[in-house]
Amino acid sequence: MNNPLSDRINKLSTSQTLAMAALARELKSQGKDIISLSLGEPDFNTPDFIKEAAKKAIDENYSTYSPVDGYMDLKEAICRKFKRDNDLEYKPSNVVVSTGAKQSLYNIAQVMLNDGDEVILPAPYWVSYYEIVKMAGGIPVEVPTTIESDFKITPEQLEKAITPKTKMIWYSSPCNPSGSVFNREELTALSNVILKQKQDIYVVSDEIYEHINFSGTFCSIASIPGMFERTITVNGVAKAFAMTGWRIGYIGASEIIAKACTKMQGQVTSGANSIAQRATIAAVDADPKVLNEMVSAFKSRRNLVVGLIQEIPGLKINSPEGAFYVFPDVSHYFGKTLKGTEIKDANDFAMYLLSEANVATVTGEAFGNPNCIRFSYATSEELLTEAMRRIKDALA
Ligand code: PMP
Ligand code: GLU
């Protein structure tokens, strides 16, 4: 029989974060002592007050379809959160709740991009942006940044990347995979470039790591004068509230975009999980101070990992200000042979660490930066210390 699959799926790449996590799981199940620093998910449990809200929702029989764009009281709670944390005045009609921020991003691409529209992706970018844009017929335009500039795109670089076909720019701050956080001045300078163009350029601001931020400042680009109408603010509860499996994300956007996302979702998945939506009300209404303990644990892990990586010859690292990733430059090893294995690129380097050190990471190539690899440090200090010891030995 011929290949039954569509060109669309044949052209799609597998998510490399999920693929590496699956490979690490498989090797573990074969009895290998793998330390997985591949998947970006908190190792904490969902806070009890959120679990209680979910249990209550089950008992109260929240068991039917919800409105496609989310329960009204959840959307109102999300508007309070946008006001409280981001100084953004969204109304419930601007909000769409989805099955994870991943679906929010997919909706946006599907409803905003025509074939051939260009989407600027400052690299490194989160792995799925590239494929989600491609699936919608868009053309991802990668703009490389380097560790020397903390992986932040400059206004000059942005200006140079804009063409008459540019429709959007997508970025995350704090950034997955680099951990970089844009401050208000930096976002204002980028906004000025966007606002002076003749064409309308839209921005997807992925703020899912908002609360995992050690920089002391956070800025939503939608709060910069002129940017509100052209920004789609993406957020969710997966990372900050350790709810990756609950699958709730949301957007704040102009009504026309929000309505289109609702139309899209109504044909594909309908409203997100009803119980998880009820639990999310408790999460977004909570004072972010409830996250202090978790955030300070991430900060001390960041310090630990950065310190340990600095001791490994040949790895270049900066000190990221947020999320729970470090993204060292490993290009020193390209072209070298380690214990009989030739290291041509970051893919080889990541596979070498997996086979020689039993440590799973993700190649930077997945994020549009072929010189780096990503470590997720969302695991215990003990495992992180052991992982770095193994890596140091494997590279000695
Ligand atoms: N954006 C970024 C930058 C992420 O790291 C993730 C995490 N996988 C997502 C979006 C998707 O989040 P969710 O789990 O809510 O779909
Ligand atoms: N966002 C996480 C990561 O980058 C989870 C995996 C995924 O959704 O792709 O590792």
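Ligands are counted one by one from 1 in listed order, and the atoms in each one are counted from 1 as well. Everything numeric here is computed off the predicted structure, so don't read it as measured data.
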[Y] backbone acceptor or donor facing [X] side chain under 3.5 Å:
{"X": "Lys167", "Y": "Leu113", "result": "no"}
{"X": "Lys299", "Y": "Ile212", "result": "no"}
{"X": "Gln199", "Y": "Thr163", "result": "yes"}
{"X": "Thr145", "Y": "Ala123", "result": "yes"}

With heavy-atom distances below 4.0 Å as the criterion, list the atoms of ligand 2 near Leu18.
6 (C), 7 (C), 9 (O)
Contact atoms of ligand 2, heavy-atom distance to Lys102 under 4.0 Å:
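So the atoms of ligand 2 that pass are 7 (C), 8 (O), 9 (O).
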Where's the contact between Ala101 and ligand 1, heavy-atom distance under 4.0 Å: side chain, backbone, both or neither?
both
Report the part of Gln103 (side chain from C-beta onward, or backbone N, CA, C, O) that has a heavy atom under 4.0 Å from ligand 1; answer both or neither where that applies.
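Neither part.
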Would you please determine whether Lys239 falls within less than 4.0 Å of ligand 1 on a heavy-atom basis?
yes
Return yes when Gly236 approaches ligand 1 closer than 4.0 angstrom through a heavy atom, no otherwise.
no
Hey, is NZ on Lys91 packed in by over 12 heavy atoms from elsewhere, all under 6.0 Å?
no
Does Ser15 have a heavy atom less than 4.0 Å from any atom of ligand 2?
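Yes.
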Once you restrict to heavy atoms under 4.0 Å, what part of [X] touches ligand 2? Side chain, backbone, both or neither.
{"X": "Arg374", "answer": "side chain"}
{"X": "Phe367", "answer": "neither"}
{"X": "Thr244", "answer": "neither"}

Between Lys83 and Asp87, is the closest basic N to carboxylate O distance under 4.0 Å?
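Judged by the 4.0 Å cut-off on N to carboxylate O distance, Asp87 and Lys83 do form a salt bridge.
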Flag the pair Arg80 and Asp285 as a salt bridge only when some basic side-chain nitrogen lies within less than 4.0 angstrom of an acidic carboxylate oxygen.
yes
Would you mind checking which non-hydrogen protein atom is closest to [atom], with the distance to 0.1 Å?
{"atom": "atom 9 (O) of ligand 2", "answer": "Thr17 OG1, 2.7 Å"}
{"atom": "atom 9 (C) of ligand 1", "answer": "Trp126 CH2, 3.4 Å"}
{"atom": "atom 1 (N) of ligand 2", "answer": "Lys239 NZ, 3.2 Å"}

Is there a polar contact, in the sense of an N or O pair closer than 3.5 Å, between Arg247 and ligand 1?
yes
Do any nitrogen or oxygen atoms of Lys102 come within less than 3.5 Å of a nitrogen or oxygen of ligand 1?
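Between Lys102 and ligand 1 (N or O atoms, distance only) the closest approach is under 3.5 Å.
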Find all atoms of ligand 1 within a distance of less than 4.0 Å from any non-hydrogen atom belonging to [X], and give their numbers and elements.
{"X": "Asn176", "result": "3 (C), 4 (C), 5 (O)"}
{"X": "Asp206", "result": "1 (N), 2 (C), 3 (C), 10 (C)"}
{"X": "Tyr209", "result": "3 (C), 4 (C), 5 (O)"}
{"X": "Ala238", "result": "14 (O), 15 (O)"}

How many angstroms lie between CG in Asp43 and OH in Tyr377, if you round to the nearest 0.5 Å?
12.0 Å
Assess the pair Phe327 and Phe151: is the distance between their ring centroids shorter than 6.0 Å?
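They qualify: ring centres under 6.0 Å apart.
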Flag Ser128 as yes when one of its N or O atoms lies below 3.5 Å from any N or O atom of ligand 2, and as no otherwise.
no
Give yes if a backbone or side-chain nitrogen or oxygen of Leu39 is under 3.5 Å from a nitrogen or oxygen of ligand 2, and no if not.
no
What side-chain donor-acceptor pairs closer than 3.5 Å can you find for residues 288-298, not counting sequence neighbours?
| unit_1 | atom_1 | unit_2 | atom_2 | d |
| --- | --- | --- | --- | --- |
| Ser296 | OG | Asn292 | O | 3.2 |
| Ser296 | OG | Glu293 | O | 3.1 |

Tell me, do Ile120 and Tyr171 make a side-chain contact under 4.5 Å, heavy atoms counted?
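The answer is no; the side chains never approach within 4.5 Å.
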Do Ile78 and Pro92 come close enough that some side-chain heavy atom pair is under 4.5 Å?
no
Option of least heavy-atom distance to atom 12 (O) of ligand 1 (set: Val237, Val204, Ile208):
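That would be Ile208.
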Considering only Ile, Leu, Val, Met, Phe, Trp and Tyr, and joining two whenever side-chain heavy atoms are under 4.5 Å apart, list the other residues clustered with Val181.
none
